[in-house]
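Note sheet for the following structure.
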Amino acid sequence: MQLFPRTARINARNHLEIGGCDVVDLAREFGTPLYIFDETHLRARANEIRDAFCSRWQNSLVLYATKAYYSPYIARIFKDAGLGIDVTSEGELEIARRVGLDPDKIYLHGNNKTPAEIRAALTQGVTHIVIDNLDEIELVAHIADELRVTVRVLLRLAPAIDPHTHRHLATGIAESKFGLPIHTGAALDAARRITHHSSRLTLVGLHAHIGSQIFDVQPYRDTIAALFDFAAELRAAVGVELQELDLGGGWGVPYTETQNELPIEQVAEAIVSSFKLQVSKLQPETSNLKLIFEPGRALIASSAVALYTVGAVKEIRNVKTYVSVDGGMGDNIRPALYGATYTARVANKMNDAPTQRVAIAGRYCEQGDVLIHAVDLPRVERGDLIAIPVAGAYQLPMASNYNLIPRPAVIAVRDGRARVVRRRETIEDLLQCDVDE
Ligand code: LLP
């Protein structure tokens with residue numbers, strides 16, 4: 001059951017079971033496409049990631065990158081685990097407010113934060129803003145002044161490090177739209193400008209998020225070295241002492257059996273040991289630097305399975321066989337957008353031996369809407385259920401209503417019980433914003 005969440009097993013009916021629930025029963029009760037979250041897995045994963053860092057560096061804070069998928073249900077689970085969040089919109093802030101997340105653990109991000117977002121965050125008591133560009137400094141200072149609050153700011157740096165991932169996912173390279181380059185002097189300029197607003201803004205730290213789906217620890221070591229070099233420059237030029245260092249997220253997770261896992265212990269060990277080495281150079285006495293991480297995918301991806309029903313099966317003789325399902329790019333744009341690869345099992349024929357190589361096609365009117373180009377499956381026919389693991393990150397939050405198709409329901413399973421945490425959209429939902437008079 002590699003790649004499936006930890007409570008997944010094959011039951012006596014030859015069906016996939018998650019959280020003690022037979023997915024064939026779940027499909028019957030809740031319909032498909034259906035996103036199934038294994039709550040036991042989700043909670044355990046959050047604790048593992050938190051402990052991997054806190055056990056190595058006590059003053060560590062793990063922020064969940066909410067863009068990977070946020071909902072009140074997810075927010076409560078990660079709040080229970082003591083995690084903070086990295087947010088980029090008023091919507092994400094609103095969920096945090098509703099579940100009563102400590103505003104001190106909320107970091108506001110974004111390369112083009114709107115005045116409304118900044119105002120909403122500061123009104124909510126959010127204490128940390130990650131500055132992305134020079135332009136934003138005046139804006140944040142102005143709003144902080146208007147609201148008579150002080151803000152702890154971090155500078156997002158583009159340390160010119162290539163994390164060797166898909167080009168859409170490399171965010172710390174010199175040409176990135178995110179962050180301030182160090183080598184052009186922009187980062188130092190930003191630090192100076194912040195100190196001009198010292199009554200409202202306090203520069204407490206540095207941030208870098210170099211990219212996503214990274215399977216090598218070396219780019220993180222290089223990032224830490226680059227940030228500490230800049231911290232030394234900052235101390236000399238502006239007299240600012242580093243209090244917080246935020247290394248972003250990006251740890252890769254495998255989506256298919258052929259991709260290797262990057263174990264969390266390995267990431268934590270590599271990062272924290274490089275960090276400690278740098279701390280001893282910059283602040284040889286004792287240091288209570290806050291070390292921050294912002295994983296999204298690594299926290300949530302493996303906890304969910306997407307479940308689809310097979311419809312048309314089309315064999316193009318000597319070319320390929322398309323198994324079409326009732327979802328596709330509307331709920332998972334990743335294969336079409338990044339060439340992301342996935343694997344699948346027939347959830348109602350789990351132990352049947354594979355007999356054919358097929359493509360899993362989505363139902364949307366787009367040739368690129370193919371969820372999996374090649375996967376070996378047993379004989380598949382209309383009505384069978386296709387389960388795709390590692391469906392928890394960047395699928396639901398990037399979902400669309402293309403072809404005017406409602407988005408899937410989301411359920412959480414645990415100890416044999418299933419509950420809806422997001423009801424299936426209806427056509428009525430889709431039409432309610434249209435005005436026709
Ligand atoms: N911190 C910042 C500032 C970020 O921009 C991101 C992700 C993260 C943390 C979390 O990265 P993660 O640990 O999840 O890799 N839609 C793409 C991924 C885009 C990531 C955007 N930023 C995908 O589906 O692969």
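One-based numbering, in listed order, for ligands and for the atoms of each. For the numbers below, each heavy atom of this structure counts, side chains included, while hydrogens, waters and symmetry mates do not. Positions are given from 1, in the same order as the sequence printed here.
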Below a 4.0 angstrom heavy-atom separation, can you tell me which part of [X], side chain or backbone, both or neither, approaches ligand 1?
{"X": "Ala68", "value": "neither"}
{"X": "Phe178", "value": "neither"}
{"X": "Val130", "value": "neither"}

Against heavy atoms of [X], which atoms of ligand 1 measure under 4.0 Å?
{"X": "His109", "result": "3 (C)"}
{"X": "Arg156", "result": "3 (C)"}
{"X": "Gly249", "result": "9 (C), 13 (O)"}
{"X": "Gly250", "result": "11 (O), 12 (P), 13 (O), 15 (O)"}
{"X": "Met398", "result": "16 (N)"}
{"X": "Gly296", "result": "10 (C), 12 (P), 13 (O), 14 (O)"}
{"X": "Pro295", "result": "13 (O)"}

Notebook entry, point to check: Could you go step by step and tell me if Tyr35 and Gln395 meet the side chain to side chain donor-acceptor pair (under 3.5 Å) rule?
Noted result: CA-CA 10 Å; Tyr35 276 71; Gln395 294 183 201; 3.0 Å; yes
Compute the shortest N/O to N/O distance between [X] and ligand 1 and return yes if it is under 3.5 Å, no if not.
{"X": "Tyr394", "value": "yes"}
{"X": "Ser212", "value": "yes"}
{"X": "Lys67", "value": "yes"}
{"X": "Trp251", "value": "no"}
{"X": "Ala65", "value": "no"}

Next item on the list: Would you tell me which option among Arg334, Arg297, His209 has the nearest heavy-atom contact to atom 11 (O) of ligand 1?
Entry: His209
Next item on the list: Take Asp369 and Tyr402, measure what side chain to side chain donor-acceptor pair (under 3.5 Å) needs, and give me the verdict at the end.
Entry: CA-CA 11 Å; Asp369 179 28; Tyr402 181 42; over 6 Å; no
Next item on the list: Indicate whether the side chain of Ser303 and that of Arg45 have a donor and an acceptor atom separated by less than 3.5 Å.
Entry: no
Check: Less than 4.0 Å between a side-chain N and a carboxylate O, is that true for Arg193 and Glu136?
Finding: no
Next item on the list: List for me each residue that meets side chain to side chain donor-acceptor pair (under 3.5 Å) alongside Thr256, sequence neighbours excluded, and say none if there are none.
Entry: Thr258
Margin query: Applying side chain to side chain donor-acceptor pair (under 3.5 Å), can you list everything that pairs with Asp429, at least two apart in sequence or on another chain?
Written below: Arg423, Thr426
Note to self: Quick check: do Leu289 and Asn59 have side-chain heavy atoms less than 4.5 Å from each other?
What the structure shows: no
Notebook entry, point to check: Is Leu206 close to Phe228 at the side-chain level, that is, under 4.5 Å between some pair of heavy atoms?
Noted result: no
Item checked: His207: which of His128, Glu244, Glu294 passes side chain to side chain donor-acceptor pair (under 3.5 Å) -> Glu294
Next item on the list: For the pair Phe275 and Trp57, name the ring-plane relationship: parallel under 30°, tilted 30 to 60°, perpendicular over 60°.
Entry: perpendicular
